[in-house]
S.K.: 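Sending over a structure as structure tokens; questions will come in a sec.
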Amino acid sequence: MTAPLPESFYRRNTVEVARSLLGMRLVRMLGGLRLSGLITEAEAYRGEEDLACHARAGRTPRNAVMYGPPGRAYVYFTYGMHWMLNCVTEEEGFPAAVLLRAVWVDEGREVVAARRPKALPEHWTDGPAKLCQAFQIDRRLNGAALTGPLDGLWIEAGPGFPDEQVSIGARVGLGGTPEPWLSMPWRFKVKRPPLS
DNA sequence: AGCACGATTAACT
DNA sequence: GTTAATCGTGCTC
């Protein structure tokens, strides 16, 4: 039996946490069933100076969770229809988080198949909004503690991925974000998803 | 009170 | 490659 990753895992430099999250296991309890997937893509968003980060304009009602203690879920709504899941990082008071962009579904594949009826398995959870749809993650989980089972969403230790299987690059979808933030190598992606 | 836009996705041409 | 979908948020008037 594997325990949720402790708060100390998240109370570190956000870029390190983003890299470390690859190969960890995202777990969601849904209707008594356990869904899980290995994290295969993550991006770091770090501080008010990072002009790509939601905290760039200071604290607001929307981004308040990022200023709170590490190990919480920051879930936000965008494009009028999509939810995104982040893990809050670093010391309380410093706004930072890691966006989970993709997982490879392991446990609960039947449930995910039903929640993503029009998608092929390789596209069930290969985007940040897709994984939220697959795991039923929305506003209700904003602020949830990922360090325990109470909120039905947590992250456990997993096999990880060696550096040879990880590509590092610029974050995506940042629109007109100025340099150097646009090109910061804060996106971590597994080159090849693990095969079943 | 009004408005432009977004850490995207799916369905087009 | 292009674009509609769809609405909360934060900024301007």
S.K.: Kindly indicate whether the side chain of Tyr79(A) and the base of dA5(C) share any N or O donor-acceptor pair separated by less than 3.5 Å?
M.R.: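 Absent.
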S.K.: State plainly whether the residues Asp50(A) and Arg171(A) are in salt-bridge range, i.e. N to O under 4.0 Å.
M.R.: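 Salt bridge between Asp50(A) and Arg171(A), a charged N being under 4.0 Å from a carboxylate O: yes.
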S.K.: Grab the stems for DNA chain C, please: at least three consecutive Watson-Crick or wobble pairs, both distances below 3.5 Å, written as range with range.
M.R.: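 B:1-6 with C:7-12, B:8-12 with C:1-5 - these are the stems of 3 or more pairs that involve DNA chain C.
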S.K.: Could you check how far OH of Tyr76(A) sits from P of dG10(C), rounded to whole Å?
M.R.: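 Rounded to the whole Å, the gap is 13 Å.
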S.K.: Name the nucleic acid region contacted by Arg171(A), choosing base, sugar-phosphate or nothing; use a 4.0 angstrom heavy-atom cut-off, strictly under.
M.R.: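 No contact.
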S.K.: Under 3.5 Å, is there a donor-acceptor pair between the Glu156(A) and Trp154(A) side chains?
M.R.: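 Per modelled atom types, Glu156(A) and Trp154(A) side chains form a pair under 3.5 Å.
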S.K.: Quick one: do Glu90(A) and Arg12(A) make a salt bridge, cutoff under 4.0 Å?
M.R.: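 Result for this pair is no, no salt bridge flagged.
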S.K.: Could you state the atom-to-atom distance from CG of Leu174(A) to C1' of dT8(B) in whole Å?
M.R.: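 After rounding, the reported distance stands at 13 Å.
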S.K.: Side-chain contact test, heavy atoms from C-beta onward, threshold under 4.5 Å: evaluate it for Leu100(A) versus Leu21(A) and give yes or no.
M.R.: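 They are in side-chain contact.
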S.K.: Sort me out a list of protein N/O and nucleotides 11-13 of chain C N/O pairs below 3.5 Å, or just none if empty.
M.R.:
none

S.K.: Starting the side chain at C-beta, find the nucleotide from dG8(C), dT6(C), dG10(C) nearest to Phe77(A).
M.R.: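 Per side-chain heavy atoms of Phe77(A), the pick is dG8(C).
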S.K.: Can you tell whether the side chains of Asp106(A) and Arg25(A) come within less than 4.0 Å, N to carboxylate O?
M.R.: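 Salt bridge between Asp106(A) and Arg25(A), a charged N being under 4.0 Å from a carboxylate O: yes.
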S.K.: Could you work out which one of dT9(B), dA7(B), dG10(C) sits closest to the side chain of His82(A)?
M.R.: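 Among dT9(B), dA7(B), dG10(C), the one nearest the side chain of His82(A) is dT9(B).
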S.K.: Classify the ring geometry of His54(A) against Tyr76(A): parallel below 30°, tilted from 30° to 60°, perpendicular beyond 60°.
M.R.: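 His54(A) and Tyr76(A): perpendicular rings.
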S.K.: So do the side chains of Tyr74(A) and Arg62(A) get within less than 4.5 Å of each other, counting heavy atoms only?
M.R.: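 The answer is yes, as the side chains (C-beta and beyond) meet within the 4.5 Å cut-off.
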S.K.: With a cut-off of less than 4.0 Å, is there a side-chain N or O of Arg56(A) near OP1 or OP2 of dG10(C)?
M.R.: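 For dG10(C), neither OP1 nor OP2 has a side-chain N or O of Arg56(A) closer than 4.0 Å.
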S.K.: Separation of Tyr74(A) atom OH from dA7(B) atom P, in whole Å?
M.R.: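 These atoms are roughly 9 Å apart.
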S.K.: Could you check whether Asp151(A) pairs with Arg140(A) (Lys NZ or Arg NE/NH1/NH2 to Asp/Glu carboxylate O, under 4.0 Å)?
M.R.: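 Looking at Arg140(A) together with Asp151(A), the answer is no, because their closest N to O distance does not fall below 4.0 Å.
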S.K.: Would you mind classifying the nucleic acid contact of Met81(A) as base, sugar-phosphate or nothing, using non-hydrogen atoms under 4.0 angstrom?
M.R.: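 Base: the residue Met81(A), judged by heavy atoms under 4.0 Å, touches a nucleobase.
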S.K.: Mind calculating the distance between CD1 (Ile137(A)) and C1' (dA7(B)) to the nearest angstrom?
M.R.: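 Computing the Ile137(A):CD1 to dA7(B):C1' distance gives 15 Å.
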S.K.: To the nearest Å, give me how far apart CD (Glu41(A)) and P (dA7(B)) are.
M.R.: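 For the pair Glu41(A) CD and dA7(B) P, the rounded distance is 15 Å.
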S.K.: For Arg59(A) and dG10(C), give me the distance from atom CZ to atom C1', rounded to whole Å.
M.R.: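 Taking CZ of Arg59(A) and C1' of dG10(C), I get 16 Å after rounding.
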S.K.: Can a side-chain donor-acceptor contact be found between Glu7(A) and Thr147(A) if the only test is distance below 3.5 angstrom?
M.R.: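 Distance-only check fails for Thr147(A) and Glu7(A).
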S.K.: Could you check if a side-chain atom of Cys87(A) sits within less than 4.5 angstrom of a side-chain atom of Leu146(A), using non-hydrogen atoms only?
M.R.: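 Heavy-atom side-chain distance check passes, below 4.5 Å.
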S.K.: Nearest of dA7(B), dT9(C), dT6(C) to any side-chain atom of Arg139(A)?
M.R.: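 Out of dA7(B), dT9(C), dT6(C), the nucleotide with an atom closest to Arg139(A)'s side chain is dT9(C).
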S.K.: To the nearest Å, how far apart are Leu99(A) CG and dG6(B) C1'?
M.R.: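 So the two atoms are 13 Å apart, to the nearest Å.
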S.K.: Is there a stack between Tyr45(A) and dA7(B), judged by ring centres under 5.5 Å and planes under 30°?
M.R.: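 Yes; centroid distance and tilt both under limits.
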S.K.: Mind calculating the distance between CE (Met184(A)) and C1' (dA7(B)) to the nearest angstrom?
M.R.: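 It works out to 16 Å between those atoms.
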S.K.: Assess, by modelled atom type and distance only, whether the side chains of Gln133(A) and Arg115(A) contain a donor and an acceptor separated by less than 3.5 Å.
M.R.: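 Per modelled atom types, Gln133(A) and Arg115(A) side chains form no pair under 3.5 Å.
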S.K.: Got a sec? Which of residues 112-134 of chain A come in under 4.0 Å of DNA chain B, heavy atoms?
M.R.: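 Nucleic-acid contacts, sorted: Arg116(A), Lys118(A), Gly127(A), Pro128(A), Ala129(A), Lys130(A).
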S.K.: Using only atom types and a distance under 3.5 Å, with no angle test, would you say the side chain of Glu43(A) pairs donor to acceptor with the backbone of Val172(A)?
M.R.: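 Checking the backbone N and O of Val172(A) against the side chain of Glu43(A), a donor-acceptor pair under 3.5 Å is found.
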